[in-house]
A.B. asks: 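Pasting a structure below so you can have a look.
Here, residue 1 is the first one in the sequence, and each next residue gets the next number.
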Amino acid sequence: METQALYTEHLTKYYGKARGIRDLNLAVAPGEFFGFIGPNGAGKSTTIRTLLGLITPSSGSARVLGLDILGKNRKEILRRTGYLPSDTALYAGLTVKDMLKLSAGLRGKDCAAQASELCERLQLETGKKVEDLSFGNRKKAGIVCALQHRPELLILDEPTGGLDPLMQHEFFTILQERNREGTTVFLSSHVLSEVQRYCTRAAVIREGSIIACDSVETLSRTSAKRVTLRGKVTREDLPDAREWTELGGTVSFLYSGDMNGLIRKLAKENIDDLTISEPDLEEIFLHFYGKGGGEA
């Protein structure tokens, strides 16, 4: 059996009586670009910190790159992994260049050439003190720290917060290049469009439990669309609509039926403006997976 890049079996973490994650069973193959999606507070960060040995599980087991997360393997796991936390913390008083050198030294590698290339592509100035960086530039520094040693596995927790659209595009271009070279990418996000665009498989976590795990194509087929319009339309005109709201002449609803049929219906009405977009993940969970994930 091929060694999985990430493997969990009944992995559980409680903070006292408070739920962290419950009974997680997950397998990510080497070389996958895998999405881990859920709203804030669903358990994404707890899962990642447990996998990296930063917190101890309450029960269950997990392996990262074939190594048990418990025992003496933590340093080896961290050496072979690139981790970007959702909140990037850097050492005050250091320049970006010094911070990158320190990060490389912790893994026993000279990463100067890789760091220079990544900083150029992400437009990150290396002479500034880290405390003087904007939120977006701190995130860029964290990205370079995670990628510069060319790890076998990248674990990225909400990585695009603070990046402008151009930098987001460049960041994912870099990830795609690394993935084609064989790097496993584990992308934790609450931005559904990121997962749909770049990942091949994904798991959905809600309230500490995985409620769906499949190809992104299959998961996307379960997604409704958020329709927002201005015009003379009543709920009776669209009986398949869900979460119908009206405010100031604007109607908004979730629609999971045939989109072509919806457009034909709306074409017969007096519509002044129309927007069709992805709903947020919480809406998808509530209306298509149910509170307990029974439809997943």
Side-chain angles (χ1 to χ4, degrees), residues 19 21-26 28 32-44 47 158 160-161 165 168-169 172 186-296:
R19 180 271 304 163
I21 52 175
R22 287 193 299 262
D23 204 34
L24 259 63
N25 295 299
L26 184 66
V28 178
E32 277 201 276
F33 203 131
F34 192 91
F36 193 48
I37 56 180
N40 293 330
K44 302 189 301 298
T47 301
E158 307 286 356
T160 56
Q168 289 182 26
H169 180 269
F172 278 111
F186 185 82
L187 174 68
S188 169
S189 179
H190 65 266
V191 182
L192 184 58
S193 59
E194 291 180 349
V195 175
Q196 288 177 322
R197 187 173 297 119
Y198 300 106
C199 299
T200 52
R201 280 201 314 136
V204 179
I205 185 170
R206 182 170 184 267
E207 296 181 358
S209 300
I210 291 178
I211 58 174
C213 183
D214 212 322
S215 70
V216 169
E217 180 182 3
T218 299
L219 292 174
S220 296
R221 285 201 296 267
T222 69
S223 301
K225 298 295 182 183
R226 168 62 66 182
V227 180
T228 305
L229 58 86
R230 292 180 66 86
K232 296 181 179 179
V233 178
T234 67
R235 189 158 191 172
E236 288 71 27
D237 297 325
L238 301 169
D240 295 333
R242 301 183 183 187
E243 284 290 292
W244 184 281
T245 61
E246 296 183 43
L247 181 64
T250 298
V251 172
S252 182
F253 56 88
L254 283 177
Y255 189 82
S256 57
D258 175 49
M259 196 55 62
N260 290 322
L262 174 65
I263 297 299
R264 286 194 293 269
K265 286 182 180 180
L266 293 177
K268 299 176 182 178
E269 308 297 335
N270 185 14
I271 304 299
D272 298 322
D273 190 27
L274 173 65
T275 301
I276 300 175
S277 60
E278 295 174 350
D280 62 46
L281 286 173
E282 185 65 16
E283 289 178 314
I284 293 173
F285 296 157
L286 289 172
H287 295 280
F288 297 95
Y289 299 131
K291 183 164 182 159
E295 296 179 30

A.B. asks: Does some side-chain heavy atom of Ile263 sit less than 4.5 Å from a side-chain heavy atom of Leu274?
C.D. replies: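 Yes. Closest side-chain heavy atoms under 4.5 Å.
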A.B. asks: Looking at Lys44 and Glu158, is any side-chain nitrogen of the basic one under 4.0 Å from a carboxylate oxygen of the acidic one?
C.D. replies: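 Judged by the 4.0 Å cut-off on N to carboxylate O distance, Glu158 and Lys44 do form a salt bridge.
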A.B. asks: Surrounding NZ of Lys232 (heavy atoms of other residues, nucleotides or ligands, distance under 6.0 Å), is the total greater than 12?
C.D. replies: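 Not more than 12 within 6.0 Å, no.
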A.B. asks: So, taking the atom named CE in Met259 and the one named NZ in Lys225, what distance separates them when rounded to the nearest 0.5 Å?
C.D. replies: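 Reported value, rounded in 0.5 Å steps: 7.0 Å.
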A.B. asks: Restricting to non-hydrogen atoms, name the atom on Arg19 and the atom on Gly43 that form the minimum distance, rounded to 0.1 Å.
C.D. replies: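 Taking every non-hydrogen atom into account, NH1-N, 4.2 Å.
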A.B. asks: Looking at residues at least two apart in the chain, or sitting in another chain, which of them share a ring pair (Phe, Tyr, Trp, His ring centres under 6.0 Å) with Phe33?
C.D. replies: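 Partners of Phe33 under the ring pair (Phe, Tyr, Trp, His ring centres under 6.0 Å) test: none.
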A.B. asks: Does a side-chain heavy-atom distance below 4.5 Å link Ile205 with Ile21?
C.D. replies: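 Side-chain contact under 4.5 Å: yes.
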A.B. asks: Scan Asp272, Thr250, Thr275, Asp273 and name whichever one has a side chain to side chain donor-acceptor pair (under 3.5 Å) with Arg230.
C.D. replies: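 Single pass found, and it is Thr250.
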A.B. asks: Find out whether Phe186 and Leu26 are in side-chain contact, i.e. whether some heavy atom of one side chain is under 4.5 Å from a heavy atom of the other.
C.D. replies: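 Yes, their side chains come closer than 4.5 Å.
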A.B. asks: Under 4.5 Å between any side-chain heavy atoms of Trp244 and Leu238, yes or no?
C.D. replies: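 Yes, side chains in contact.
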A.B. asks: If you take all heavy atoms of Lys265 and Asp237, which pair is closest and at what distance?
C.D. replies: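 Shortest heavy-atom contact: CD-O, 4.2 Å.
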A.B. asks: Are Arg235 and Phe253 side-chain neighbours, meaning at least one heavy-atom pair lies under 4.5 Å?
C.D. replies: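 No - every pair of side-chain heavy atoms lies 4.5 Å or more apart.
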A.B. asks: Can you find a heavy atom in the side chain of Glu269 that is under 4.5 Å from one in the side chain of Leu229?
C.D. replies: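 No, too far: nothing below the 4.5 Å cut-off.
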A.B. asks: Does any non-hydrogen side-chain atom of His190 lie less than 4.5 Å from one of Ile37?
C.D. replies: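 When only atoms from C-beta onward are counted, His190 and Ile37 do not touch, as no gap falls below 4.5 Å.
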A.B. asks: Between Val216 and Tyr198, is any pair of side-chain heavy atoms under 4.5 Å apart?
C.D. replies: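 Of all side-chain heavy-atom pairs linking Tyr198 with Val216, none is under 4.5 Å.
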